[in-house]
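Below, chain A is the first sequence line, B the second, and so on; all start at residue 1.
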Protein chains: 6
Amino acid sequence: MIDVQKTALIVSAHSADFVWRAGGAIALHAAHGYAVHIVCLSMGERGESAKLWRKGDMTEERVKAVRRDEALAAAEVLGASVEFFDIGDYPMRADNDTLFRLADVFRRLQPAFVLSHSLKDPYNYDHPLAMNLTQEARIIAQAEGYNPGEKILGAPPVYSFEPHQPEQCEWRPDVFLDITEVWDKKYAAIQCMAGQEHLWEYYTRVALQRGVQAKRNVGITSSRNIVYAEGYQSLFPRVTEHLA
Amino acid sequence: MIDVQKTALIVSAHSADFVWRAGGAIALHAAHGYAVHIVCLSMGERGESAKLWRKGDMTEERVKAVRRDEALAAAEVLGASVEFFDIGDYPMRADNDTLFRLADVFRRLQPAFVLSHSLKDPYNYDHPLAMNLTQEARIIAQAEGYNPGEKILGAPPVYSFEPHQPEQCEWRPDVFLDITEVWDKKYAAIQCMAGQEHLWEYYTRVALQRGVQAKRNVGITSSRNIVYAEGYQSLFPRVTEHLA
Amino acid sequence: MIDVQKTALIVSAHSADFVWRAGGAIALHAAHGYAVHIVCLSMGERGESAKLWRKGDMTEERVKAVRRDEALAAAEVLGASVEFFDIGDYPMRADNDTLFRLADVFRRLQPAFVLSHSLKDPYNYDHPLAMNLTQEARIIAQAEGYNPGEKILGAPPVYSFEPHQPEQCEWRPDVFLDITEVWDKKYAAIQCMAGQEHLWEYYTRVALQRGVQAKRNVGITSSRNIVYAEGYQSLFPRVTEHLA
Amino acid sequence: MIDVQKTALIVSAHSADFVWRAGGAIALHAAHGYAVHIVCLSMGERGESAKLWRKGDMTEERVKAVRRDEALAAAEVLGASVEFFDIGDYPMRADNDTLFRLADVFRRLQPAFVLSHSLKDPYNYDHPLAMNLTQEARIIAQAEGYNPGEKILGAPPVYSFEPHQPEQCEWRPDVFLDITEVWDKKYAAIQCMAGQEHLWEYYTRVALQRGVQAKRNVGITSSRNIVYAEGYQSLFPRVTEHLA
Amino acid sequence: MIDVQKTALIVSAHSADFVWRAGGAIALHAAHGYAVHIVCLSMGERGESAKLWRKGDMTEERVKAVRRDEALAAAEVLGASVEFFDIGDYPMRADNDTLFRLADVFRRLQPAFVLSHSLKDPYNYDHPLAMNLTQEARIIAQAEGYNPGEKILGAPPVYSFEPHQPEQCEWRPDVFLDITEVWDKKYAAIQCMAGQEHLWEYYTRVALQRGVQAKRNVGITSSRNIVYAEGYQSLFPRVTEHLA
Amino acid sequence: MIDVQKTALIVSAHSADFVWRAGGAIALHAAHGYAVHIVCLSMGERGESAKLWRKGDMTEERVKAVRRDEALAAAEVLGASVEFFDIGDYPMRADNDTLFRLADVFRRLQPAFVLSHSLKDPYNYDHPLAMNLTQEARIIAQAEGYNPGEKILGAPPVYSFEPHQPEQCEWRPDVFLDITEVWDKKYAAIQCMAGQEHLWEYYTRVALQRGVQAKRNVGITSSRNIVYAEGYQSLFPRVTEHLA
């Protein structure tokens, strides 16, 4: 009964962002039965493939192919599907066709939650573009008058995953996701990113720091044994029936 | 097995604040088995008892007695216990004895969550004082070196309930609590506040507006039938195992 | 002497926004002799016409025609003129022609004040677009080198009217407009919006809440009898000769 | 009929603050019939009398006497009355007696508006203290239960006047007051401050800059001839019947 | 050995912005051996040439020619080179060609620091556009995959120079540059701007005010004799080996 | 010639804060000839000595003695002097005597820069108190009228060092200090804190992360070999003669 399976949507500006920033959330929800789908807007072929370019004898197509393979491998490790919009990076630009294509993904998936980038990032203008595109596509997918007759989208929560330099992006986590049980999968996915090996230990430390902070926010007397965590910032209020 | 009952703590600057601002949360959690405890720092005898004073022939003690009775009645309707610190209002001042008294309440209750005022309120300086007192008491109750040997406090989430003029207080709700099932109790508690009848319909409308907003944030396609809600602002990140 | 009549300009992203958010201001200033002109950038045909679409057997043109009629009726009730730019919604996009067209409206009207949307709205990307378009058109209309020889625009104050979920839009009212005397007209205009009946009572309550807040901000001892109000946020400082 | 004269209250942390920061507002409203009353919380004897101390052979009493005379002279030039609370500076501390004393001033004056310092100032901790004291005194004066039987205070608007380094104090003017017609009086009052001559030209330039900005905010096509202005930041929304 | 000369890049939306806002920084660094290069995105022909247009008998080309000459004269006085992208103003729009052109300037110059406008300016939408263009061009110039084989850009610090109404632009200076030694050059460059004489004294006063503030931030006991200064806001953290 | 030696002042709320948060800055400046002086306001005996208390058979005096010894050992490793104000923690309170005592330290030291905590910390109210005390003491030490005749303080820059959960404290680093050359000293000092061994690796990772970020902010093409760094937030603008 595939149609009752819960889904989640991750929108990644470049082909590796989803690994560093949301790999734990992807693996965790996949492990719990979610169909997690990743949209890579670009392969990060210009801006995030320095190691490949330095090898020399490269073309944009060859870089993209390598990056695509890495992303596919990482997604498989995490247990998610992935598609590539291939709209280019540095600079990234999204026209209405891209917007509608993403709105259609929203409609098809009807995701239970959505992850993308922070709304500000002075180091990387593609990142805010990706989140704004995601937000606007979500709005369009909610509109009865867009492709009338299709099932419209509800109001899935949207979260910003962690940018490289959080304070400079005015990003403040209000959710810590305990990813301890899937850390091995996240680290395996990280290792698929051969071209950015300098980031492997950086994001391992991020996960450990967020783990300590998560532990502190449940209280040191708690029996929850959190070692690794990911931080997220909610873009909308959540609705609940209990405050504990 | 009283000792495994979950508890909650509400810190109310004046004796009616808990009714308008958190009556739904109190009734809802009480209905679901929580022992909800309210600390009224003052009776609001000076600042929030205008109607009583205008009757004439009043003393502070008489005003306080009336307000105390109203608060007790409201708490009973909501299913909560209440105690009065009676530290005065307009201005409210808290010395270390008050701070430790509240820290001791934290230790005794070990609440699963905590509610108090917004951190800013240009219309009412007692309100931020109440929240700051709550936050500092929570910190002290967490310290191993405060009354060593006692069971220390964990890290219960803390929420600001809604002030009278939310935007002027820089208060932004990130949680909507569905209180539809207990609205009748909240409104009955509101009616215990005979001295502030001008606020009854105001806070009924607040609950309806927050209900509409909550409904919109779960999506108009949702089957959840939310009519009344309360808004809350989290002061700490929450820790979770799922993002949906 | 039509040329000395004061004017006002309202820029509404969708054809009903001006009713919910600024209907009181429009009716009030119209009643006091202003020529109030409304620009509807779109009819809200895709995003704000759910009820019409659900009727079935609809086309975008038919939806737009109904919405146009509703908006015309509402504007007439309020005493204002209206024109439709018809640039589409969900998503809304404005090219330079639209920008210049709006700048020309500014030049022609020479409005004494301007109303449009909040600068942020995570629920509706058309709204900030409308305000940014308004701001940029105002700037262009002020430039001596745009259509040289025309009378340039002064510096009319610009206000954001109230969005659906004010705190989520970082909207903070710094002006409350007393609309008590024209409330009947605003409510009559609201009733023209047959397609969005679910919002009638919502915005009635908004007006009542802002009325209570306005009353509190003039002081409960004031003789001003405010029941209904609208909130506005100023985008520029005002210049005055007195502070009372 | 003195009892119908409009009044204004200025709360100045040190004895010269009211001159630099609000001298124009004082002179302007005095000229228009207001009884303007200034409360100097201290003489600025420690922190703002460097020139006097450097003369040598000084005591705190002698410094205070000189500063008091300067303030009296400046107030006279501006047309205002002044009283000195003399609670000391660097550091300034206000106990409940001071708070009630200021609340009583509010009750007695029933001011139409109130001016004091910015809520933040990393260069001068006495300044935010003065504004917080002012805000809390205003709140107490509004409370029916404070000295019951007295006429309670309404809700006069409160403004922060300009600090020395506005951006560092997170101060943003939302009101420009045209003080062109009383500039000569303000400058005469400034010249009473013999001990701080280094600030005379600084605050003359402030007035000129704010004048240019005010002119720009009414529009260069306006016939208003503004040369000197003072900037103010509102702490509460204003209530109005027109937006132009 | 020209290739070891340090360079700096200034991106000016209109042809006079660099004079008012960064003339001191340009002259100072030029005097100290930097090759300072200015990119004027437009001549400000529509929006900042009111005086020329009012002369009558003007065309856009003639206005641009005059403005270009003024800018060239000012740059020469300051000791800098200048190029004109001539992309138009009011409104300014930048396509990808302009973006890449500016990225190429970054690559060619390898500037040690970069100056442009504030990220917000409600009075002038061209200004934030210029800074965002500058930031994105810098990012692209850093990308190994943009024009592979060229020497990529490092991470030069970027500063916002002072807008006309700083507080309204949420601009806060965190750096004061002492320009006392080159003030005569800056004022000479200012005098080249014949079309905007009304701003000469305004920006002279800005320099004096920032000078006083700079002096205060080094301490009145300092021997540094600062009279004129410019304020800047950093967009990135700086990296240092000492905190004094 | 001790009197020309440059000095620095660190104000630490609890006896270990200076190690985790500023140990690198202390060691670096000490190595470069500064006399670095640390004021520990408390020993952290209640709030930050959990491990000691859990040993049992403890008194506050014994805890304080152990913590004092640890702090002395750490300071010696770093090359700094330390004094203990011993004003207690959880809650920390500072009276005027403490304020003047710290102002006297400022006057005596005449520090070239000052380090203390962030201005907000919802997890620890002692931390903002320490910074506010530091700021106010600095202001008093600048006042000619405080202990007239003494040499007044200039305007040394003040920085907030890194709190435990930076984003929750609204702390944003605008300075990265390269501490690579003294990391071994910092880590040796960290190891003196036997009672908080759970934090050793946490703050090692903080130093590594800030190192990566510092490296990125100088540009990956830079020859600077930064491995470990500390982040700081400036509370005042800096004054400079160059922008590179």
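Of the two parts of D:Pro157, only the side chain, counted from C-beta on, holds a non-hydrogen atom closer than 4.5 Å to a non-hydrogen atom of chain C. Contacts between D:Phe113 and chain C at a heavy-atom distance below 4.5 Å involve the side chain alone, from C-beta outward. At a 4.5 Å heavy-atom cutoff, the contact between D:Ala25 and chain C is made by side-chain atoms alone. Neither the backbone nor the side chain of D:Ile179 comes within less than 4.5 Å of any heavy atom of chain C.
Heavy atoms from other residues, nucleotides or ligands lying under 6.0 Å from CD of C:Glu76 number 12 at most.
Using a 4.5 Å cut-off on side-chain heavy atoms (C-beta onward), D:Glu241 and C:Arg224 make contact. Counting heavy atoms from C-beta outward, D:Leu177 and C:Thr240 have side chains that approach closer than 4.5 Å.
Highest contact tally toward chain C, considering only D:Ala112, D:Gly219, D:Ala244, is held by D:Ala244 [criterion: heavy-atom pairs under 4.5 Å]. Note on D:Leu115, D:Ile152, D:Leu28, D:Val239: by heavy-atom pairs under 4.5 Å with chain C, the leading option is D:Val239. With chain D as partner, the option from C:Ser222, C:Gly154, C:Ala214, C:Ala155 having the largest number of non-hydrogen pairs under 4.5 angstrom is C:Ala155. With chain C as the partner, the residue from D:Leu153, D:Val175, D:Val114, D:Asp178 showing the most heavy-atom pairs under 4.5 Å is D:Val175.
Checked by atom type and distance alone, the side chain of C:His29 pairs as donor or acceptor with a backbone atom of D:Leu243 at under 3.5 Å.
Note that the CG atom of D:Asp174 and the CZ atom of C:Arg238 stand 7.0 Å from one another [nearest 0.5 Å].
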